[in-house]
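Here is the structure we will look at.
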Amino acid sequence: MKKQLRFLSTVTLLAAAAALSTVGCAMQTSENGDGDEAASESALANGPTPTVTWTKVGLPWAAAKIAACGENGNRVYALNTDRTLYVSHASGRDGTWQYMATIGGTQQILCAGNALYGFNDDRSLWKNVGTDSAVSWAYVGNPAGAKQLTGATLTSTVTVVDPPDVPEPGSGPIQHPSPPKRHTVEVYSPVLYALNDDGSFYKSVTGADSSWGYLGKIAYTTRIAAGAGPYPVRPFALNSDQSLWINSGDGCDSYWTNFASIPYTIEIAASTAVDLYALNSDKSLFKGTVNGSSGYVSVASTGQSQRCDNGRLLTTTGNVDQACWQGTCNAGLDCIDTVCRVHECKGQTRDVGGQCVHCGSTHEVACTSGGEYGCFDVHTAPDATGHCEFDHWCGTEGKPCCNADYLGGDCNDGTTCIFQLIGINHCGHTNGGGVSGGYNPCPAGQTAATYTSCVDCDGGGWHNQSMVACSQAVATASIQASTQCKVWDGACH
């Protein structure tokens with residue numbers, strides 16, 4: 001039976017105020033104190049200050065965090081105080097919430113590229129590669145310095161050419177193939193922003209550890225949001241004095257403008273560049289429409305898109321560069337130094353984060369065979385069977401298991417050795433299910449858990465054997481590889 005999100009109809013507090021406010025503690029946009037002046041110049045350059053109109057949509061009283069994206073700005077997610085996850089396809093109206101999953105290790109949710117992400121207590125980032133009705137989490141990265149993440153969905157339209165229809169041989173008289181059919185499809189690209197513990201502001205198009213680029217510093221900000229559409233991304237920020245800010249420069253310092261005050265709001269989200277959501281302290285949910293903001297976009301006077309890079313707003317060099325920083329380079333090309341181009345490392349070098357790295361030829365330092373991790377210390381790295389050269393170098397969470405085999409291995413901090421048929425065995429937690437704390441070594445959509453198989457030796461010597469694996473199939477195959485007996489999925493009956 002699906003759980004229903006609970007509501008309180010007896011709580012009626014003041015609605016979120018939408019009045020324009022220029023009084024109070026302004027957003028700190030630079031460490032040298034010049035941020036307020038720069039923000040004022042930005043407002044004048046982009047036309048009249050925008051306004052926002054709020055409408056109450058519901059009272060999800062158990063909600064702690066919210067996220068929104070897709071469906072014309074109407075799909076909203078709520079992470080409850082008990083870490084249960086819900087979705088509404090009707091802007092969060094009462095009675096429209098549907099239970100999705102319980103994600104006990106997750107502190108925050110966000111939406112980017114029309115997909116839901118979970119930011120965990122251990123600051124690992126996960127993406128739902130399944131659906132709202134069948135959640136399946138895949139590890140993205142570990143932005144360890146971030147205290148909050150948000151995301152947006154860039155929408156673009158591409159033309160797809162279908163292959164021509166060709167009659168099968170022998171189906172009749174020879175005919176000319178039909179002309180190619182063309183149709184357009186929408187492509188959704190993610191953009192993620194991170195607010196760090198020290199107030200620094202970062203951006204990524206993938207969320208991977210090496211992909212974050214510095215934008216600026218917003219030290220007085222408590223909550224961030226970002227929305228997009230068929231135009232560049234627009235970041236929003238809620239300050240500690242409850243002032244609401246809009247950015248017209250892809251997150252760069254000098255492009256923040258205060259356009260409203262929302263004194264009772266504790267959480268904000270953006271589903272598009274003009275659709276905001278505000279969760280108030282009394283747990284009332286409001287939807288806001290940003291008005292008069294057409295000039296507040298990171299587009300140059302020439303019509304070219306702009307992007308923030310290390311505090312500077314740069315104009316792109318055309319579609320090639322734009323595709324690069326939006327993460328949509330054509331097949332066979334990589335985004336290298338803001339340009340989509342062919343990239344190949346040769347000789348003894350390895351590709352690490354878009355750079356060719358030569359690790360050296362000594363016994364102590366070497367390159368990984370695939371290049372994904374760059375250089376490593378051979379003393380701490382496992383060999384092909386998952387063993388370490390010296391036991392004392394491994395055995396803690398996220399590190400290779402010493403003496404690992406299908407029965408387990410040495411983990412020195414109370415974690416479990418998670419055995420993999422393909423890949424390196426790691427020590428990690430196996431608290432299973434959804435987004436969870438700790439290391440998840442499994443492929444997308446799978447989580448390590450204990451599986452039991454029935455072992456049948458000589459027709460009658462049955463016994464159960466259990467192991468930690470990513471799936472029942474992997475567990476059964478691993479146990480079978482260690483015995484001449486028959487092995488069956490599940491416990492013996």
Side-chain angles (χ1 to χ4, degrees), residues 1 83 85 100-106 118 120 122 124 126-131 133-140 369-370 372 381-388 391 394-493:
M1 178 183 297
R83 304 295 182 102
L85 180 64
M100 292 176 58
T102 298
I103 45 180
T106 301
N120 276 13
D122 64 358
S124 59
W126 300 71
K127 177 182 178 181
N128 179 19
V129 295
T131 64
S133 58
V135 178
S136 179
W137 299 102
Y139 178 78
V140 177
S369 59
E372 297 88 350
D383 60 23
T385 62
H387 291 67
C388 297
D391 287 354
C394 57
T396 57
E397 182 178 354
K399 301 297 183 181
C401 306
C402 303
N403 306 316
D405 58 24
Y406 72 94
L407 292 176
D410 299 336
C411 294
N412 302 325
D413 58 351
T415 53
T416 301
C417 184
I418 302 168
F419 179 75
Q420 300 185 100
L421 288 178
I422 301 175
I424 301 303
N425 309 307
H426 284 81
C427 295
H429 294 285
T430 59
N431 44 352
V435 179
S436 58
Y439 176 80
N440 182 4
C442 300
Q446 297 182 6
T447 303
T450 300
Y451 294 94
T452 300
S453 299
C454 180
V455 180
D456 176 11
C457 295
D458 300 325
W462 293 3
H463 67 277
N464 291 326
Q465 189 166 319
S466 300
M467 69 170 295
V468 175
C470 293
S471 67
Q472 178 68 65
V474 171
T476 300
S478 299
I479 296 172
Q480 179 67 79
S482 67
T483 180
Q484 300 298 318
C485 304
K486 297 179 181 178
V487 180
W488 311 91
D489 290 346
C492 301
H493 296 290

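- The distance from atom CG of Asn120 to atom CH2 of Trp137, rounded to the nearest 0.5 Å, is 8.5 Å.
- To the nearest 0.5 Å, the span separating CE on Met100 from CG on Leu85 amounts to 4.5 Å.
- Nearest heavy atoms, Tyr139 versus Ser124: CE1-CB, 3.9 Å.
- Among all heavy-atom pairs drawn from Val140 and Trp126, the shortest one is CG2-C, 4.0 Å.
- For the pair Ser453 and Ala475, the tightest heavy-atom approach, listed with the atom from each and the gap, is OG-C, 4.4 Å.
- A side-chain N or O of Asp489 and one of Thr476 form a donor-acceptor pair less than 3.5 Å apart.
- Listed for the Asn128 side chain is no donor-acceptor partner under 3.5 Å among the backbone atoms of Val135.
- Taking all atoms of both residues into account, the shortest heavy-atom contact from Ala491 to Cys454 is C-CB, 4.0 Å.
- When every heavy atom of Ala138 is checked against every heavy atom of Val129, the shortest pair comes out as CB-CG1, 3.8 Å.
- In this structure, CG in Asp456 is found 9.5 Å from NE2 in His463, a value given to the nearest 0.5 Å.
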